[in-house]
Number of protein chains: 2
Amino acid sequence: MSEKGLEPISVLRAKGKRITPQRRLILQIVQEHKGHLDADGIHLWAKGRYPRLSLSTVYRTLDLLRELDLVKELGLATDRRHYEAKPREEHQHLVCLGCGKVIEF
Amino acid sequence: MSEKGLEPISVLRAKGKRITPQRRLILQIVQEHKGHLDADGIHLWAKGRYPRLSLSTVYRTLDLLRELDLVKELGLATDRRHYEAKPREEHQHLVCLGCGKVIEF
DNA sequence: GTCCGTGCAAAGGGTTTGCATTCCC
DNA sequence: GGGAATGCAAACCCTTTGCACGGAC
């Protein structure tokens, strides 16, 4: 298990969403750029590593990540939208002294 | 003269802009609605009193009013722009004790 | 009379959607 | 294999722009 809490990828899994290379990549790029990219910028960066990626997948993935509260929409400009990765929420661990099972909340 | 400072209409005149019924009307509607209208909403209200008014005139007038600092653009939504009238700036009067002429600044 | 401002329609640009194909589970 | 996710292109919608006419000064 992780020491730092639920990985964003695990959030996808927990919500029954499929984990695709496109989603991994877009999430990673948003995390790397700390909130200064718009959809087109994300698309450009992502295409460098995954040329088949389409812009509509970027938009759909950003919508999904926003629904799951992994990404936040910013109001930096009025004519386009910018996104930033949400910091992981604070949480605690419950550890069972008998079996060692850990629950995060 | 006014006790409250330069009228928005006078700002237009002072900047060499023409005072048209469309501009008067759009300015008035923005002032009446305290910042909760988008361009289309302004257009709808305005057409009630001036049916010939076009949406592009609304946009061009809002641009002008924003340039003249009479109106402010809000970030209420990411998919459209909202506008509000700017409150009149504070100012003082200089009164000539000889001829009575008043200058605002 | 000038030429700025307007109306109309078409273009622009970011975002969304329909549909066949791909591929994660 | 089944259904969610993707890619592509077209559709959408807000906003901007080109152009000829109209009206403020």
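Letters A, B, ... mirror the listed sequences (proteins, then strands); counts begin at 1. Any value given below was found using the heavy atoms of this structure, including those in side chains, with hydrogens, waters and symmetry copies removed. Quantities reported herein were computed from a predicted structural model and do not represent experimental measurements.
Applying the salt bridge (charged side-chain N to carboxylate O under 4.0 Å, His left out) criterion to B:R49, with sequence neighbours excluded, gives B:E32. Considering only residues two or more places apart in sequence or on other chains, A:K86 meets the salt bridge (charged side-chain N to carboxylate O under 4.0 Å, His left out) condition with A:D69. Taking B:R13 as the reference, nothing meets the salt bridge (charged side-chain N to carboxylate O under 4.0 Å, His left out) condition, with sequence neighbours excluded. Residues passing the side chain to side chain donor-acceptor pair (under 3.5 Å) test with A:R18: none are found, sequence neighbours excluded. Remark: A:D63 pairs with A:R66 by the salt bridge (charged side-chain N to carboxylate O under 4.0 Å, His left out) rule, at least two apart or across chains.
Atom OH in B:Y59 sits 7.0 Å away from atom CG in B:D40 (nearest 0.5 Å). Distance check, rounded to the nearest 0.5 Å: CZ of A:R81 to CG of A:L74 gives 12.0 Å.
The nearest whole Å value for the distance from the NZ atom in B:K47 to the C1' atom in C:dT6 is 15 Å. Atom C1' of nucleotide C:dT6 and atom CG of B:L25 are separated by 14 Å, given to the nearest angstrom. Atom P of nucleotide D:dA4 and atom CG of A:L68 are separated by 16 Å, given to the nearest angstrom. In this structure, B:L53 atom CG and D:dG22 atom C1' are separated by 15 Å, rounded to whole Å. Between the P atom of D:dT17 and the CG atom of B:L62 lies a distance of 15 Å, rounded to the nearest Å. B:L64 places its CG atom 14 Å from the P atom of C:dC4, with the value rounded to the nearest Å.
Distance alone, capped at 3.5 Å, is enough to place a donor-acceptor pair between the A:H43 side chain and the A:L53 backbone.
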Worksheet item: Quick one: what's the B/S/- string for nucleotides 19-25 of chain C, heavy-atom cutoff under 4.0 Å, read 5' to 3'?
Response: -----BS

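Taking the screw axis at each terminus of the helix from C:dG1-D:dC25 to C:dC25-D:dG1 from five consecutive base pairs, the angle between the two is 30° to within rounding of 10 degrees.
In the model, A:Q22 has no side-chain atom that pairs as donor or acceptor with a side-chain atom of A:T61 under 3.5 Å.
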Identify all pairs in which a protein N or O lies below 3.5 Å from an N or O of nucleotides 12-16 of chain C, and state each distance.
unit_1: C:dG14; atom_1: OP1; unit_2: A:R80; atom_2: NH2; d: 3.2
unit_1: C:dT15; atom_1: OP1; unit_2: A:R81; atom_2: N; d: 3.0
unit_1: C:dT15; atom_1: OP2; unit_2: A:Y59; atom_2: OH; d: 2.1
unit_1: C:dT15; atom_1: O5'; unit_2: A:Y59; atom_2: OH; d: 3.0
unit_1: C:dT16; atom_1: OP1; unit_2: A:R81; atom_2: NH1; d: 3.4

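With hydrophobic clusters built from ILVMFWY side chains whose heavy atoms lie under 4.5 angstrom apart, B:I19 shares a cluster with B:I26.
Here B:T57 reaches the OP1 or OP2 of C:dG7: one of its side-chain N or O atoms lies under 4.0 Å away.
For A:L55 against A:A39, the heavy-atom pair with the smallest separation is CD1-O, 4.0 Å.
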